[in-house]
Amino acid sequence: MVNRIVTGSHFGLRDWLVQRISAVMMVLYAFFMMGYVLVQPVLDYNAWTLLFASDLVRSFTFLMLLALFYHAWIGVRDVVMDYIKPAFVRLMIHVLVVLSLILYMIWSVQILWGM
Amino acid sequence: MPKILFRIYRYNPEKDAAPYMQDYALELEAGNKMLLDALLLIKAQDDTLSLRKSCREGVCGSDAMNINGRNGLACITQITSLKQPIEIRPLPGLPVIRDLVVDMTQFFKQYHSIKPYLVNNDPPPETERLQSPEDRLELDGLYECILCGCCTTSCPSFWWNPDKFVGPAGLLQAYRFLADTRDQATAERLDNLEDPYRLFRCHTIMNCVDVCPKQLNPTRAIGKIKDMMVKRIV
């Protein structure tokens, strides 16, 4: 039986690094949000719309979401690589995950800047 | 003297349809302190029990096994430190040949894949290739590995991908040569490891550090390999 183990695709370092950097970004955003929630006397519709009226906050939120999506991609891919053995099924799940994350990305632009 | 209770994993693929646990009770005399002493006394009673052992002092790494759910060396595990009945199983994640004897082929394949020897193309000097004491210090905590397999077989990433993930023991050895100032194959070694399976299956859960009978830290070594790779690209 031919049992050829294929490894050596020479990637992984960038993903590992991005996973760490994106985690830091999400922590920073979480602190920012917690700070805002603590500082605001009343958290009503007005307080939230006021916050998200600023393009800076929208951009920061979008950056956090990009970090979240990339982080999620690496995390989910790692789980799939661990547990899903047939390469074709693995590829299909990867494609599905990437497509849904791109969809979420478009959706978040719509939420942040859309009407 | 109260008897000490054991539950030992038994499996003889030539006779048994499935593995089973067999109970033993043993009266120990003073002087028999280590688990291996007890296992050898059990084997004296029941010579069908198979296990590996050699140096009986924690140097050869032959008697690595799963003791009460934790990998360790029977020869340096004190019986009094164990809860009864003492459950003994073979190292997890490797094929069982018989009873406590496992097939370590996959483990050593991964070890060989990192080229566990010094690569230096310069002509050998008259005496030896010297290192400064500081450079030599970097090898502490790496060269002591006895390749017992306790760490690698306690690593879930190795259980899921034993054919592709090098495992903590292999990666610790890989760093042992990356850290050696006399070695000239740093770039090739890093290239060989830069792979989502070979290196990056490590998710730093540190089971390896928890079980190492020599108190080594493969997780730290893996971190240092990643550091070297980051330094290479930034």
Side-chain angles (χ1 to χ4, degrees), chain A residues 1-28 30 63-64 66-102 104-105, chain B residues 93 95 103 105-115 152 155-168 170-171 174-175 178 186-205 207 219 221-234:
Chain A
M1 193 181 83
V2 178
N3 187 12
R4 183 172 285 163
I5 307 301
V6 278
T7 54
S9 47
H10 296 302
F11 79 96
L13 177 67
R14 198 179 52 190
D15 289 339
W16 176 79
L17 205 57
V18 170
Q19 203 173 31
R20 264 117 205 104
I21 296 167
S22 56
V24 172
M25 279 190 57
M26 287 187 276
V27 167
L28 290 178
L63 272 182
M64 186 279 292
L66 288 185
L68 172 70
F69 297 146
Y70 203 150
H71 194 92
W73 156 238
I74 301 162
V76 172
R77 193 201 59 192
D78 272 351
V79 173
V80 171
M81 281 167 82
D82 278 346
Y83 297 108
I84 310 291
K85 292 296 157 191
F88 180 74
V89 181
R90 203 159 62 226
L91 178 66
M92 286 302 109
I93 297 175
H94 284 182
V95 170
L96 217 69
V97 171
V98 169
L99 288 180
S100 15
L101 288 174
I102 292 174
Y104 292 155
M105 208 161 73
Chain B
D103 180 358
T105 308
Q106 195 62 67
F107 174 81
F108 283 109
K109 259 191 189 167
Q110 292 297 357
Y111 173 61
H112 293 150
S113 79
I114 58 103
K115 297 200 168 73
T152 295
C155 175
S157 285
F158 184 76
W159 298 340
W160 313 149
N161 289 293
D163 50 346
K164 296 179 189 164
F165 177 50
V166 175
L171 290 170
Y175 183 64
L178 281 165
T186 309
E188 292 89 326
R189 291 183 189 281
L190 291 179
D191 285 345
N192 174 270
L193 291 175
E194 190 169 1
D195 177 88
Y197 282 102
R198 284 178 63 69
L199 173 67
F200 292 99
R201 279 308 83 199
C202 170
H203 306 311
T204 21
I205 65 160
N207 273 13
T219 306
I222 294 168
K224 285 187 173 177
I225 296 175
K226 288 171 180 167
D227 281 354
M228 286 179 94
M229 285 183 178
V230 171
K231 277 184 194 145
R232 200 159 72 138
I233 59 156
V234 294

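Per chain, numbering begins at 1; letters A, B, ... match sequence-line order.
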Counting distance alone, with no hydrogens or angles, which donor-acceptor pairs between chain A and chain B are under 3.5 Å?
from, atom 1, to, atom 2, distance (Å)
A/Gly8, N, B/Asp195, OD1, 2.5
A/Ser9, N, B/Asp195, OD1, 2.8
A/Ser9, OG, B/Asp195, OD1, 3.3
A/His10, N, B/Glu194, O, 3.2
A/His10, ND1, B/Asp191, O, 3.1
A/Asp78, O, B/Arg201, NH1, 3.0
A/Asp78, OD1, B/Arg201, NH2, 2.6
A/Asp82, OD1, B/Arg201, NH1, 2.9
A/Asp82, OD2, B/His203, NE2, 3.4
A/Tyr83, OH, B/Trp160, NE1, 3.3
A/Lys85, NZ, B/Trp160, O, 2.4
A/Lys85, NZ, B/Asn161, OD1, 2.9
A/Arg90, NE, B/Tyr197, OH, 3.4

Heavy-atom nearest pair, B/Pro196 first then A/Phe11, reads CD-O, 3.1 Å

Does any heavy atom of chain B fall under 4.5 Å from the side chain of A/Leu17, the backbone, both, or neither of them? side chain

Would you say that more than 12 heavy atoms from the other residues, nucleotides or ligands in this model lie under 6.0 Å from the OH of A/Tyr104, or not? no

Calculate, to the nearest 0.5 Å, the distance between atoms CZ and CE belonging to B/Phe165 and A/Met81 respectively. 11.5 Å

Please state whether the side chain, the backbone, both or neither of B/Leu193 comes within less than 4.5 Å of a heavy atom of chain A. neither

